[in-house]
Amino acid sequence: MDNGNLMTTVVLIGLPLRWTVSLNSYSGAGKPPMFGDYEAQRHWQEITFNLPIKQWYFNSSDNNLLYWGLDYPPLTAYHSLLCAYVAKVINPDWIALHTSRGYESEAHKLFMRATVLIADLLIYIPAVVLYCCCLKEMSTKKKVANALCILLYPGLILIDYGHFQYNSVSLGFALWGVLGVSCHWDLLGSLAFCLAINYKQMELYHSLPFFCFLLGKCFKKGLKGKGFVLLVKLACTVVASFVLCWLPFVTEKEQTLQVLRRLFPVDRGLFEDKVANIWCSLSVFLKIKNILPHHTQIKISFCFTFLSLLPACIKLILQPSPKGFRYTLVTCALSFFLFSFQVHEKSILLVSLPVCLVLNEIPFMSTWFLLVSTFSMLPLLLKDDLLMPTIVTVMAFFIACATSFSIFEKISEEELQLKSFSVSVRKYFPCFTFLPRVIQRLFLMSAITMVLLTLMTVTLDPPQKFPDLFPVLVCFVSCLKFLFFLVYFNIIIMWDSKSGRNQKK
Amino acid sequence: MAALGLAASGGNWFSALALGVTLLKCLLIPTYHSTDFEVHRNWLAITHSLPVSQWYYEETSEWTLDYPPFFAWFEYALSHVAKYFDQEMLNIHNLNYASSKTLLFQRFSVIFTDILFVYAVHECCKCIDGKKAGKELTEKPKFILSVLLLWNFGLLIVDHIHFQYNGFLMGLMLLSIARLFQKRHMEGALLFAVLLHFKHIYLYVAPAYGIYLLRSYCFTANKPDGSVRWNSFNFVRLISLGLIVFLVSALSLGPFLALNQLPQVFSRLFPFKRGLCHAYWAPNFWALYNALDKVLSVIGLKLKLLDPNKIPKASMTSGLVQQFQHTVLPSVTPLATLICTLIAILPSIFCLWFKPQGPKGFLRCLILCALSSFMFGWHVHEKAILLAILPMSLLSVGKAGDASIFLILTTTGHYSLFPLLFTAPELPIKILLMLLFTIYSISSLKTLFRKEKPLFNWIETFYLLGLGPLEVFCEFVFPFTSWKLKYSFLPLLLTSAYCAVGITYAWFRLYVSVLTDPPVSKTKKQ
């Protein structure tokens, strides 16, 4: 079979999978008065369609910001408006001002699900296919297998098609950005990434690696010659695309400030619900949220985030390479997720996307990480009644990865990209040869804890004293693993060039 | 979980394929299910709460038990698991009961019994020596065959969306075919006899089994020219075969014979009161016949050759009632369809007798039997096409000609199943899965036979591509036109007539290939 047909087959496996997941329940289904993210998206369609653009982000009698007020950047609002126009044609009741609040019906669900599928089909899936086709030094079969695994990643499918969000749009734009920047279409890449940021402000997690990589490229070309030209071009692209997206809001200062206030709600807490990051896990022992004053929390989280991602970013500026760029994307996003302020559990998807991109380089660790990331969202998925699709998609993903990469045979130091690290450690401790075995054990333990915790959450009732016992346990366990992964990915980045130099010698 | 670990550790592609499709089936649980779901729930209730003597008399629900006794026993066994899920589904008077636990149980019972199908596919892959091709795994005939069978689109939507238990029944048939290929004739005969008492639709292919076993198993030797050597008849083999069939039938029908209920059982199994065609015409010869009748009557009315008052009303208002009345062409009786079917089957049976070609010949004859009865049978369901499609998959990886016939048959046959799923949420599923299966089957078989002449000529390509516009018209354009109310039957009529052309063509080509194949005697081959 030729390449094209195989890719089509793979995409055609991914699409029905997505649609069948979308037949399940969504967040806040039949739960008045606030419902969930599904209602939020519908509400945004209602707001953007019925109100003039200047009122979208302002509180008014027609726009109660406490009821799912718009808190995403303008591109999301435009997308909602576009969907609203289609909804208007099909059934105006869906977006009628005020009266449509909490509207739920089978037909409406179908419409909303279809908008997700179409967005995914237009933005995310082509990016994945193209990214896999552009991979170098790989056979056609491997490329296709890689695409299959990325498309089967359960976290994104479950959140977009189960819980209901449009992450595939922002992540898809980010992926187009990665693709552009790595293939030397720097301007197109930065344009795509600007679109991603303007769709969802959480994409800022990825912005530092983009910035550092492009800056590093400019330095490499020489800041006095070509590099400077590139820098100016990039700056113009970024400014122009931002201005375009924000055009209705930049004309008045008050508008811009209000949008920014909506996007970065600093007065909200350190974290929301149960998140598998440091602050939530620490609060098991120490209620930071109550002890420290609000601005101190912000400062502490900022410092931790900044310090944890600094080494990788500096390294990327000094030695820009597509490979380093991908790994830095992982560590930066992971640092943000673990340490930054106001993190949602769904933000782990921002880490998972770059991990998907290194799936073919370190299949074992990436698969492990992607499984953990899905597991960390378990409390959320259970709340949405998505147990069955979760189990099924996770198993499908695991089987796909296991068969296409035979991950369990790829655990030597070299295949874990830990060769140079181990060599340098062995200079001081000659007996440091047990790393692969330790990692294998760790994987087994982690798999067992994940299965056990899932089983316990589903079957057992928590003790009355601790009603949140299982969600907290899930977050705590996931957080520990994420810390381990943060260290691991940082090691890869730090010891990367050494191996490169060794090979050159 | 054990199977999961096995698949993962060994990198075993077959387990991965089987597990993958099983997971897909699990995802299909919340999809739409047809009245067949209620049919099977009712049978669970009947077999669970009534004594055997009442099974074939019970008629609280309109969906009375009309499968042979083994299937009833199968439901009886299931019902003893079902009671741990939801006792209420086993109540006969709980019509249309579909709690979430009932749904889960029934869906999982189909998925679980499909294990037999997976095993049968595994056995079939062992005994099929397809064309030797590239070393790449995805180009091996065994791999292609297992995808074609395990991921079969028709089986997926009929069993796991529409709801039926064809998976394990097809598994029994494939397993018995595999046993015949492996020269384990007695086992094959036993499996088929059991299968017949699960679902009597398999009677269609019984002639192939009977003649093959008689000709190639009971007669142990051939003359040099390939004709039968009469004195080589092995009486012991015939007796043991007969004994198997007799014992299985006794086990199944014996209790009802003892209760003196056999006539009642048979009247349930063979209801001739139904019409020539199902509500939606299966794409066979009669669909073409009906369509022609319709066209002629319309032309007749336009040219004033027919008197509008004399035309039976049903034929013009919808054309989709159970009893279709012909206006121009003569009406068809059950006897006529029976004779047509027999005539259509006979040549293939003759071939099996006079030109024995081992198990492959038997397989061809079996497919022809299934297809011929689909073409001319009385009250054929569109789902019956699976009876021909699945065995045909076995042939498709062997010869380029067969592959071409298989692709035409499968694509049109599968497309003709589309009207089974008419609800909006299932629309993307059926289109995407159909595309997945069709694109995979065409491209993989094209790769397998890339060194031979192209699989399709331009007419065939044109015909197959025509299915796309047809689907667009029927599901996306037609509902928004003004004809929707006046000619509501038009999409179904078009689908059925269009597919009937393809299936008739495939049937015809397969027949030609069987009849014109040179008789190869076994000695020559070796």
Side-chain angles (χ1 to χ4, degrees), chain A residues 1-25 106-107 109-111 113-114 117-118 121 139-141 144-145 148 152 157 161 367 385 388-389 391-409 447 451 455, chain B residues 1 3-32 104 134 136-139 144 147 151 156 160-161 423-448 450:
Chain A
M1 279 166 86
D2 61 74
N3 198 355
N5 280 334
L6 270 175
M7 267 303 177
T8 319
T9 315
V10 162
V11 172
L12 280 173
I13 292 174
L15 287 177
L17 186 79
R18 284 163 159 71
W19 188 257
T20 43
V21 169
S22 80
L23 296 175
N24 289 281
S25 165
E106 275 304 307
K109 179 182 169 190
L110 213 60
F111 163 73
R113 297 298 201 190
L117 187 73
I118 289 168
L121 197 59
S139 70
T140 312
K141 295 273 142 63
V144 173
L148 177 70
L152 288 190
I157 299 179
Y161 292 86
T367 310
D385 217 2
M388 181 77 181
I391 295 175
V392 172
T393 48
V394 166
M395 276 168 60
F397 172 72
F398 182 62
I399 293 173
C401 286
T403 39
S404 45
F405 294 114
S406 24
I407 50 172
F408 292 103
E409 290 149 27
V451 171
L455 278 179
Chain B
M1 278 318 268
L4 189 66
L6 191 79
S9 61
N12 183 344
W13 55 265
F14 186 83
S15 335
L17 280 178
L19 277 172
V21 77
T22 310
L23 294 174
L24 180 64
K25 290 169 189 172
C26 292
L27 281 178
L28 293 176
I29 287 177
T31 52
Y32 146 90
L104 216 57
E136 288 261 20
L137 169 68
T138 47
E139 288 177 14
I144 296 175
V147 176
W151 286 73
L156 270 179
H160 300 278
I161 300 181
T423 43
E426 280 70 31
L427 182 70
I429 299 183
K430 72 178 179 187
I431 293 178
L432 290 170
L433 285 180
M434 168 89 184
L435 273 178
L436 171 66
F437 186 82
T438 310
I439 290 179
Y440 177 80
S441 56
I442 292 181
S443 58
S444 64
L445 287 176
K446 263 191 179 160
T447 317
L448 189 61
R450 61 178 162 242

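First the proteins, then the strands, lettered A, B, ... as listed; each starts at 1. No experiment lies behind these values; they were computed from the predicted model shown.
- B:Glu426 CD to A:Thr20 OG1: the interatomic distance, rounded to the nearest 0.5 Å, is 11.0 Å.
- Contact between B:Ile29 and A:Met388 at its shortest, heavy atoms only, is CD1-CE, 3.6 Å.
- Rounding to the nearest 0.5 angstrom, the gap separating the CG atom in A:Leu117 from the CG atom in B:Leu432 is 7.5 Å.
- Open room surrounds NZ on B:Lys446; 12 or fewer heavy atoms of other groups in view lie less than 6.0 Å from it.
- The two atoms that bring B:Pro30 and A:Asn24 nearest to each other are CG-OD1, 3.9 Å, heavy atoms only.
- Within the model, atoms OH of B:Tyr32 and CG of A:Leu23 stand 14.0 Å from one another, a figure rounded to the nearest 0.5 Å.
- Within the 4.5 angstrom heavy-atom criterion, atoms from both the backbone and the side chain of A:Leu15 approach chain B.
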Margin query: Checking B:Leu23 against A:Ile399 for the side-chain contact (heavy atoms from CB on, under 4.5 Å) test, could you report, in this order, the C-alpha distance in whole Å, the side-chain angles of both residues, the deciding distance, and whether it holds?
Written below: CA-CA 10 Å; B:Leu23 294 174; A:Ile399 293 173; 3.9 Å; yes
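- In this structure, B:Pro425 and A:Trp19 approach most closely via the heavy-atom pair O-NE1, 2.7 Å.
- Using a 4.5 Å cut-off on side-chain heavy atoms (C-beta onward), B:Leu24 and A:Ile13 make no contact.
- Between chain A and the options B:Leu435, B:Leu28, B:Ile442, heavy-atom pairs under 4.5 Å are most frequent for B:Leu435.
- Here CD1 of B:Ile431 is found 11.5 Å from CG of A:Leu12. Values are rounded to the nearest 0.5 Å.
- A distance of 7.0 Å separates CG in A:Leu6 from OG in B:Ser443, rounded to the nearest 0.5 Å.
- Closest non-hydrogen pair, B:Leu27 versus A:Pro389, comes out as CD2-CA, 4.1 Å.
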